[in-house]
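For the numbers below, each heavy atom of this structure counts, side chains included, while hydrogens, waters and symmetry mates do not. Bear in mind the structure is a predicted one, so any value in this text is a computation, not a measurement.
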Amino acid sequence: MTDALPSLKQMVGYCDPLVAEPGQDISFHVSCEPGVRAYAARIIRMLSGDPQPGGPGLRTMPVADVGEFEGQTHPVHPGSYLAGSCSPLLTAGEWSLLTLAWPSRVTQRRQVLVAIGNPWTGNGAALYLDEELRPALAVRAGGAVAIAEHDRSLELRRWHALLGRCTRAGEMHLRVRPLDGEWRGGPAPPVERDPDQQGPDAITIGALRADAAGQPGAAGFQFTGRLERPAAIDAALDTSAADELLTGSRDDLPGLLADRTGAVLYDLSIGIGSWTATDVGPGGRHATAHNTPLRGVRGSRSQPGSADWREVPEQYGAMHFQGDAIEDCAWPAAFGFTVPGDLASGFYAAHVAGAGGDDYIPFFVRPAAGAATSPVLLVAPTATYASYGNSRFWWEDPVQECVQDRLVELGAEEQYLIAHPELGASSYDQYLDGTDVCYVSWRRPNLNMRPGHARYEGYTCDLYLVDWLDRLGQAVDVVTDEIVHREGADLLGRYPVVLTGTHPEYMSAAEFDAFGAYVRGGGRLMYMGGNGFASNVSFDEHRPWIMENRRVDFWMQGEDARRSESHNSTDGLRGGDLRRIGRQSVHLTGVETATMGFDRSYPYHREPGSHDPAAAFVFAGVSADVLGDFGLLGGGVVGQEWDNSAGHDRGPEFLLLAASRDHTLVPPLFGAVKPQYHGELTLGFPGRGCVFSVSSMSWCGALSQHDYRNDIATITGNVLRRFLDPAPLVPPTKGASDARS
Amino acid sequence: MSPLSMLDRTGTSQYRIPDRIEAARDDLVQEFLADPLGRHSDDLQLLLAHLRSASSIPRLVVLRAVTAGRWLVAEAPARRGELPRPLPGGAVGSLADAERIAFQWRWSRLLEQQAEPAP
């Protein structure tokens with residue numbers, strides 16, 4: 001059946017988990033614009049996703065009608081913070097709130113650093129910055145909020161020590177100093193309070209929770225910037241005692257706090273790979289991070305030259321809190337779906353539709369763990385989907401218009417994202433304080449990952465491949481990057497043939513290694529895209545919906561951060577180019593990323609290597625020298641982003657079959673990452689395996705042309721059939737005619 | 001902190017993007033207006049690079065309208081949380097017309113800026 005796409009979005013959703021096996025439950029979470037009173041939900045199989053004229057259409061197969069549901073609008077609460085508990089005795093008697101703070105943005109509203117309870121809505125106290133970054137201490141006393149204020153604003157991007165304290169007599173003191181300066185500030189008028197009354201038992205760092213129970217997601221007044229050693233101490237500390245806690249050796253902290261049974265001090269240099277803030281006070285009341293405060297970032301103790309938090313964790317004792325970070329929309333489940341035992345592996349979606357609009361919520365069905373139901377495996381490039389999810393650079397940066405040589409077109413998804421900044425950004429974007437986004441989450445709608453998306457790359461283009469395989473009658477198993485990361489070469493090794501998607505740019509180092517082991521061990525890989533096997537990401541073990549992507553080689557923030565904060569917090573490896581951590585795609589696929597150019601696409605021109613007997617099977621039935629001067633993505637097969645081997649000796653085991661030429665000025669002006677930016681079609685025989693590399697994101701856009709009868713479909717089919725044939729493949733003879741170096 | 005543009009991270013630096021419009025190059029204007037979505041000459045491509053990357057004027061985008069086959073040329077949001085601002089007369093029935101409007105809008109504003117005396 002063929003569906004029509006909506007004009008504008010009235011509802012969006014996400015699912016959890018993204019990939020499931022037969023028997024597993026998936027929950028779907030939907031929020032509607034006000035006015036959408038009801039919607040219907042059904043589960044469909046996605047067979048193609050391009051409704052543009054000349055395209056394969058939006059082709060789906062019904063799986064199950066789920067039912068009709070009331071349209072509900074759900075809020076999103078962005079902003080990172082730590083939530084923990086403390087003794088209700090902490091703020092009885094005398095107490096202190098203290099922290100090191102490095103603010104990075106003026107937000108025009110209160111920014112809370114350390115809060116016990118919520119003094120504005122109930123009992124408690126808070127150390128915070130006002131609208132102009134002036135420190136302040138708020139205490140609930142006698143039914144009102146007493147405020148002690150500092151007269152000077154903190155400087156942006158400079159470390160300061162802050163101490164707010166209250167004595168049994170109700171004397172409030174607020175002291176502040178830049179780390180290289182003297183303490184300033186003094187007492188405020190005493191407040192009336194009952195020093196024996198127990199206080200709240202909830203502590204929040206970097207925000208203020210709406211109530212003492214503090215439901216995750218319901219925090220506000222977020223701080224934007226870095227905090228180190230935030231603490232609440234059951235004593236009215238003087239400044240020298242505060243200095244010991246804030247700037248002394250981390251090894252001394254347990255001893256300094258040993259007698260303070262109510263004290264809480266979070267040493268953020270401990271457990272950087274987790275979402276737990278470790279309390280080194282005697283109670284061990286650890287806190288939990290929400291909305292992904294950035295870890296593995298330099299604190300006040302960082303030294304020039306430090307690069308890896310694993311070697312000097314004490315120098316990385318800060319968390320960077322962001323008021324606009326979002327990890328989990330936490331919308332209630334609207335409906336669920338249990339994957340039937342006999343449902344074929346593949347691309348699926350929940351289609352929700354009501355008056356005025358609809359949405360497709362994609363998910364994937366994998367075969368049962370340990371099983372293979374087809375000889376062909378397609379690895380859906382979900383790490384790339386996650387990396388680009390909710391991209392805003394498209395209209396926030398001039399690069400996209402330049403690289404596509406036409407105005408950026410904002411479709412329904414982009415217009416929705418602009419109207420809903422709370423859905424967060426992609427790892428190509430920056431937070432509002434200019435820090436590059438490092439963590440992305442599946443627990444929010446990913447509006448780039450939609451069929452018919454105006455961008456015409458990624459998910460929609462991978463469906464070109466799904467569509468072609470389906471029309472070929474070739475069943476495929478589908479898994480995601482995360483699955484290959486976890487199950488490695490054992491998973492891949494169950495399949496004679498493995499296909500990538502059209503843009504497998506991002507993967508973990510373990511996943512890259514799995515592909516390498518698969519091919520060396522005799523596997524046959526069809527690399528069906530471009531800009532693949534290029535950059536490292538980390539799948540979080542503790543929260544599997546989070547992926548870390550430090551694109552450090554393209555970060556917009558300063559050189560300092562690029563040099564010293566390049567290592568993932570979640571696995572410790574360097575983010576960015578995989579080749580920087582010893583994983584060269586050219587040794588696996590014969591090519592590496594060359595350039596991008598979304599203005600138009602080019603054909604391949606056959607090279608002498610295409611006539612090598614080892615490649616004869618590739619070109620069976622193809623007589624043309626020019627391959628693919630057509631296609632849905634720019635009118636050719638070398639386009640969007642593509643690869644070559646320039647600068648490398650790819651070795652005699654790789655044949656150069658074809659190359660592109662006569663490019664426009666766009667690749668060298670805006671896309672090329674190396675001086676030679678032609679595309680290369682290759683066939684390689686590394687180890688005991690074989691790799692066919694189309695090396696371009698546009699290749700699959702040609703498969704459906706001329707009613708699926710064209711040279712590109714023929715070549716792709718030839719390779720697939722031959723790779724499925726268990727007969728040994730014969731590598732080229734050494735010195736095969738390969739003209740291009 | 002003022003983030004860099006992603007343009008600072010790509011390209012081979014083989015070509016130099018001009019920093020001014022040559023008002024006399026009406027030939028490039030006519031080339032563009034005749035076929036906005038076609039393959040352009042190198043000189044026109046470089047001029048377009050200047051028009052599109054100029055930071056002294058707002059960025060432009062084209063919005064898909066509710067009515068199929070209609071678009072709106074608009075100023076992109078200047079900051080997150082703001083909405084696009086459609087240009088007066090920016091409603092068009094083709095993407096080629098959207099390009100023509102954007103080209104002429106940028107050309108005229110940048111020429112005006114060039115004509116202003118330096119502060």
For [X], I'd like to know if atom [atom1] has over 12 heavy atoms of other residues, nucleotides or ligands within 6.0 Å.
X: Glu22(B); atom1: CD; result: no
X: Arg109(B); atom1: CZ; result: yes
X: Arg85(B); atom1: CZ; result: no

To check you understand the geometry: which heavy-atom pair defines the closest contact between [X] and [Y], and what is its length?
X: Gly38(B); Y: Arg600(A); result: O-NH2, 3.1 Å
X: Pro398(A); Y: Ser53(B); result: CB-CA, 4.2 Å
X: Arg64(B); Y: Gly411(A); result: CD-CA, 3.9 Å

Measuring heavy-atom distances to chain B, does [X] have an atom under 4.5 Å in its side chain, in its backbone, in both, or in neither?
X: Asp553(A); result: backbone
X: Pro668(A); result: both
X: Ala425(A); result: side chain
X: Arg392(A); result: side chain

From the list Leu63(B), Leu83(B), Leu46(B), the residue making the most non-hydrogen contacts under 4.5 Å with chain A is Leu63(B)
Taking every heavy-atom pair that is under 4.5 Å apart, which of Gln14(B), Arg80(B), Gln45(B) has the most such pairs with chain A? Arg80(B)
Answer yes or no: is there a donor N or O on one side and an acceptor on the other, between the side chain of Arg406(A) and the main chain of Glu99(B), under 3.5 Å? no
CG on Leu95(B) to CG on Leu407(A), rounded to 0.5 Å: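 Answer for the CG-CG pair, Leu407(A) versus Leu95(B), is 8.0 Å.
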Are Arg39(B) and Asp405(A) close enough that some pair of their side-chain heavy atoms sits under 4.5 Å apart?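 No, every pair of side-chain atoms sits at 4.5 Å or beyond.
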Determine, step by step, whether Ile17(B) and Leu669(A) satisfy the side-chain contact (heavy atoms from CB on, under 4.5 Å) criterion, reporting the C-alpha distance in whole Å, the side-chain angles of both residues, the deciding distance to 0.1 Å, and the verdict. CA-CA 8 Å; Ile17(B) 298 174; Leu669(A) 271 175; 3.9 Å; yes
Interface moiety of [X] toward chain A, non-hydrogen atoms closer than 4.5 Å:
X: Ala98(B); answer: both
X: Leu37(B); answer: both
X: Leu51(B); answer: neither

Any carboxylate oxygen within less than 4.0 angstrom of a Lys/Arg side-chain nitrogen, looking at Arg59(B) and Asp397(A)?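 Salt bridge: no.
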Enumerate by number any residue of residues 71-78 of chain B whose heavy atoms lie under 4.5 Å from heavy atoms of chain A; in the absence of such residues, state 'none'. Trp71(B), Ala76(B), Pro77(B)
